[in-house]
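Here is the structure we will look at, set down as structure tokens.
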Amino acid sequence: YGIPQDAQWGDIDIMERQLDFTIDPENFRGLSSYVDELKTKDVRFVTILDPCISIGEENCTYRPYTLGEQYGVWVHNPDGSPFVGKVWPNDPVYFPDYSNPRTHEWWKILIKEFYETIKFDGLWIDMNEPANFVAGDLMKGGCAQNSINYPDYLPHIRVDEESHGLSDKTMCPDALHHAGEHYFV
């Protein structure tokens with residue numbers, strides 16, 4: 001049709017079960033070869049990553065999770081347990097703490113390894129607020145009742161449920177990052 005194309009984007013459906021750093025072997029088999037072919041036509045390929053790592057893969061078979069455990073990269077609750085959310089993968093997820101220098105190393109390792117699988121030209125980092133499909137921590141049933149999670153004054157923000165306070169569609173404001181509480185990061 002003569003329509004110019006500069007780039008092809010790969011959305012979450014290219015992933016195996018919506019797991020970061022994977023390619024669906026059934027529905028997208030041959031994707032790496034296709035991307036190589038695109039490059040011969042000067043077409044760039046950009047793929048998506050959603051910074052949420054499934055904690056439900058059996059027998060430590062999901063490298064982003066096992067390497068993340070090794071590097072200690074997760075956002076935590078005030079009690080020291082990893083903060084658990086729900087996003088695209090079927091199982092609950094942990095969220096990487098990008099204020100932690102160890103997380104930078106973990107992320108770089110995974111990106112380099114993924115590049116060996118598929119020669120992308122760019123990454124679309126989506127839902128890195130971090131977005132969460134539940135209010136607060138999934139395993140704790142939300143957020144602790146305190147003045148950070150539920151301030152006396154709720155700023156004028158769009159929330160689906162006011163009772164969720166500041167954790168509507170994200171993590172609890174008192175969740176702990178390397179750099180401090182989520183509210184301040």
Side-chain angles (χ1 to χ4, degrees), residues 5-77 81-134 137-139 169-171 175-179 182 185:
Q5 181 181 12
D6 296 326
Q8 178 68 45
W9 291 70
D11 205 340
I12 194 167
D13 51 339
I14 73 162
M15 297 178 188
E16 181 179 0
R17 298 183 337 263
Q18 295 83 39
L19 299 173
D20 276 339
F21 305 104
T22 65
I23 297 172
D24 184 324
E26 184 177 320
N27 295 314
F28 286 88
R29 68 180 167 274
L31 180 61
S32 294
S33 298
Y34 176 65
V35 169
D36 292 342
E37 179 185 331
L38 288 175
K39 289 176 178 290
T40 67
K41 299 173 184 176
D42 293 325
V43 176
R44 309 265 185 206
F45 182 76
V46 178
T47 192
I48 191 170
L49 290 175
D50 291 317
C52 57
I53 302 300
S54 173
I55 62 173
E57 300 306 303
E58 294 184 25
N59 302 319
C60 302
T61 57
Y62 185 41
R63 179 151 167 81
Y65 170 75
T66 55
L67 190 64
E69 285 285 284
Q70 180 183 339
Y71 276 65
V73 302
W74 314 122
V75 174
H76 289 86
N77 288 300
S81 63
F83 186 93
V84 180
K86 177 73 180 121
V87 191
W88 296 114
N90 292 332
D91 295 305
V93 300
Y94 287 169
F95 297 100
D97 173 4
Y98 291 100
S99 72
N100 183 339
R102 291 187 310 264
T103 306
H104 302 182
E105 293 306 312
W106 168 81
W107 191 245
K108 285 190 285 188
I109 290 167
L110 293 172
I111 288 172
K112 287 177 183 177
E113 290 175 356
F114 192 48
Y115 185 80
E116 293 306 314
T117 302
I118 187 165
K119 305 290 191 245
F120 54 83
D121 295 291
L123 293 171
W124 164 22
I125 311 300
D126 189 33
M127 300 183 71
N128 60 330
E129 298 85 3
N132 189 7
F133 293 166
V134 297
D137 188 283
L138 180 66
M139 300 306 196
K169 304 261 186 311
T170 191
M171 61 179 49
L176 298 176
H177 297 258
H178 181 76
H182 183 65
V185 172

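Note that the structure is a prediction, hence the values are computed from the model and not measured. Residue numbers count from 1 along this sequence.
A salt bridge links Glu37 with Lys41: at least one charged nitrogen is closer than 4.0 Å to a carboxylate oxygen. A salt bridge between Glu105 and Arg102 is absent, with no side-chain N of the basic residue lying under 4.0 Å from a carboxylate O of the acidic one. Between Lys108 and Glu113, none of the side-chain N atoms (NZ, or NE/NH1/NH2) sits under 4.0 Å from a carboxylate O, so this pair counts as no salt bridge.
Nearest heavy-atom pair across Gln8 and Val43 is N-CG1, 3.9 Å. Lys119 and Lys39 make their closest contact through O-CE, 2.7 Å (heavy atoms, listed as atom of the first residue, atom of the second, distance). Taking each heavy atom of Asp91 and Ser54 in turn, the nearest pair found is CB-OG, 3.7 Å. Minimum interatomic distance between Val73 and Asn100 (heavy atoms only, all atoms of both residues): CA-ND2, 4.5 Å. Pairing each heavy atom of Tyr62 with each of Leu19, the nearest pair is OH-C, 3.5 Å. For the residue pair Met171 and Val75, the shortest heavy atom distance occurs at SD-CG1, 3.7 Å.
To the nearest 0.5 Å, atoms CG (Asn132) and CG (Asp137) are separated by 8.5 Å. Between the CG atom in Leu176 and the CG atom in Asp97 there is a gap of 9.5 Å [rounded to 0.5 Å].
For Arg44, the salt bridge (charged side-chain N to carboxylate O under 4.0 Å, His left out) partners are Asp121, not counting sequence neighbours. Looking at residues two or more places apart in sequence or on another chain, you find no side chain to side chain donor-acceptor pair (under 3.5 Å) involving Asp126.
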Candidate pair Glu69 and Trp74, rule side-chain hydrogen bond (donor to acceptor under 3.5 Å, both in side chains), full reasoning: CA-CA 8 Å; Glu69 285 285 284; Trp74 314 122; 2.8 Å; yes

Step-by-step side-chain contact (heavy atoms from CB on, under 4.5 Å) determination, Phe133 to Trp88: CA-CA 8 Å; Phe133 293 166; Trp88 296 114; 3.6 Å; yes

Ring pair (Phe, Tyr, Trp, His ring centres under 6.0 Å) between Phe83 and Tyr94, worked out: CA-CA 6 Å; Phe83 186 93; Tyr94 287 169; 9.4 Å; no

